[in-house]
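Just so you know, residue 1 is the first one in the sequence shown, and it goes up from there.
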Amino acid sequence: MSVLKLKKTDRKSNRIRDCGSIEIKNKTDNEAEICFYGDINSDSMGEWSKYFPDDKCPSDIKEFFDQLSEDVEKIHVHINSGGGSVFGGIAIYNLLKNHKAEIIVHVDALAASIASVIAMAGDKIIIPKNAQLMIHKPMALVSGNADEMRKEADVLDGCQKVILSTYMDHVKDGVTEKTINDLINAETWLNGEECQEYFNFDVEDSNEAVAAVSEYFDKYNNLPEKLKELTGENTADDWQKDFAQWCKKSVKELENINKKIDNINEKDDIAVSAEKQKKEHDDRVAAILNDLAYL
């Protein structure tokens, strides 16, 4: 097993920073394996990814592919995810679908929401009898006036059409778009055996995998009872405690910056020295705001 260290260019300072890693398991000359065992993000969480190491975003997958040998002919994709970003998931689906290698998807325990769309990138999809697939209408958090709300609703309707088309690529003969769309609208949870009624999946005997913990479970209407116990169990206490400390530290730094700028402005020779020091302070403010952008 090798570990791919993920890097990201800081948007303000243009510096390269660490933002997590991906394990490339069981890598051989012609096969590789990647696991989606967390939530799906649209972008890297930066330094905060250390609290959610199993989460993935499209840039992670691109870097994973960039590290693979040209000789890789088969990629095993293991999924145990409660979902996440619609656009991040669709981008990951496209990356997997467009790779030249054969993609074999294993739904180890749960492929919910956009993770179920990622599963559809498989040339072959394997699911145990006791694993689950959940499909539902795409959701978004949005604020604004009535026009902005209607625009977002149109975007979500467009996403649902794309998602429906993706599911239809794997349905059994005779299963109609209306049938699958009704399942989407109802937020439907299917175990491996029930999936066989609608999709061309390979169903295996039950396994002992534990369903993923997800920050998205509390957003679902029909969440199974056994998953409700897992809601919010990600390292929330740890990261919230560190986030609170980071906020206090950043506020103090910003206060110090403002005091220094005030002192500079009181000096007579502000023409050169003030501009230089102000730039240094502005760079630090930008770095703080950049960190905040990852949250």
Check whether the side chains of Ser113 and His136 place a donor and an acceptor atom closer than 3.5 Å, and report yes or no. yes
Are Val162 and Met168 connected, step by step, through hydrophobic side chains (Ile, Leu, Val, Met, Phe, Trp, Tyr) whose heavy atoms are closer than 4.5 Å? yes
Please report the C-alpha distance between Leu156 and Val86 in whole Å, then the side-chain angles of each, then the deciding distance to 0.1 Å, and finally whether the side-chain contact (heavy atoms from CB on, under 4.5 Å) criterion is met. CA-CA 9 Å; Leu156 291 175; Val86 174; 5.5 Å; no
Give the minimum heavy-atom separation between Tyr167 and Phe199, together with the two atoms involved. O-CE2, 3.8 Å
Inter-residue atom distance Trp189.CH2 - Gln132.CD, 0.5 Å rounding: 6.5 Å
Working note: Ile75 + Glu31, criterion side-chain contact (heavy atoms from CB on, under 4.5 Å); need CA distance, chi angles, decisive distance, verdict. CA-CA 6 Å; Ile75 299 174; Glu31 291 193 22; over 6 Å; no
Can you give me the closest heavy-atom contact between Leu133 and Met120, atom names plus distance? CD2-CE, 4.3 Å
Can a salt bridge be assigned to the pair Asp147 and Arg150 using a cut-off of 4.0 Å between side-chain N and carboxylate O? yes
Knowing that exactly one of His106, Glu33, Lys124 qualifies, which makes a side-chain hydrogen bond (donor to acceptor under 3.5 Å, both in side chains) with His76? His106
Test side-chain contact (heavy atoms from CB on, under 4.5 Å) on Ile118 and Leu96 and set out the steps. CA-CA 8 Å; Ile118 293 175; Leu96 292 169; 3.8 Å; yes
Do the side chains of Ile40 and Ile114 get nearer than 4.5 Å, heavy atoms only? yes
Say you draw a straight line from CG of Asp205 to CG of Asn130; how long is it, rounded to the nearest 0.5 Å? 9.5 Å
Check this for me: Lys172, atom NZ, are more than 12 non-hydrogen atoms of other residues, nucleotides or ligands nearer than 6.0 Å? yes
Given side chains that start at C-beta, do those of Glu187 and Met134 come closer than 4.5 Å, heavy atoms only? yes
Is any side-chain heavy atom of Asp66 less than 4.5 Å from a side-chain heavy atom of Leu68? no
Find out whether Val105 and Ile126 are in side-chain contact, i.e. whether some heavy atom of one side chain is under 4.5 Å from a heavy atom of the other. no
When rounded to the nearest 0.5 angstrom, what distance separates CG in Asp108 from OH in Tyr37? 3.5 Å
Taking Lys178 as the fixed residue, which of Thr176, Asn181, Asp182 is the one that meets the side-chain hydrogen bond (donor to acceptor under 3.5 Å, both in side chains) rule? Asp182
If you count the non-hydrogen atoms of other residues, nucleotides and ligands that lie under 6.0 Å from NZ in Lys100, is the total more than 12? yes
Output for pair (Met149 CE, Asp154 CG), nearest 0.5 Å, gives 13.5 Å
With a 6.0 Å cut-off on the ring centroids, do His99 and Phe65 count as close? yes
Gap separating the CD1 atom of Ile79 from the CD1 atom of Ile125, nearest 0.5 angstrom: 8.5 Å
If you define the side chain from C-beta out and look only at heavy atoms, does anything of Ile180 sit under 4.5 Å from Leu164? yes
Side-chain contact, heavy-atom cut-off 4.5 Å: Asp123 with Ile104? no
Judged by atom type as modelled, is there a donor-acceptor pair below 3.5 Å linking the side chain of Glu194 to the main-chain atoms of Asn191? yes
Any side-chain heavy-atom pair of Ile61 and Ile34 under 4.5 Å: yes
Would you say the side-chain atoms of Ser81 pair up with the backbone N or O of Ala115, donor to acceptor, closer than 3.5 Å? no
Heavy-atom nearest pair, Lys62 first then Leu95, reads N-CD1, 4.2 Å
Can you name the nearest heavy-atom pair linking Glu152 to Ala140, along with the distance? OE2-CB, 3.3 Å
Would you check if Tyr93 and Ile163 make a side-chain contact, meaning some heavy-atom pair closer than 4.5 Å? no
First locate atom CZ of Phe36, then atom CD1 of Ile92, and finally report the distance between them rounded to the nearest 0.5 Å. 5.0 Å
Between Ile127 and Cys195, which heavy-atom pair has the shortest distance, and what is it? CD1-SG, 4.1 Å
Measure across Ser116 and Ala111 and return the closest heavy-atom pair with its distance rounded to 0.1 Å. CB-O, 3.5 Å
Between Lys137 and Asn185, do the side chains contain a donor N or O and an acceptor N or O under 3.5 Å apart? yes
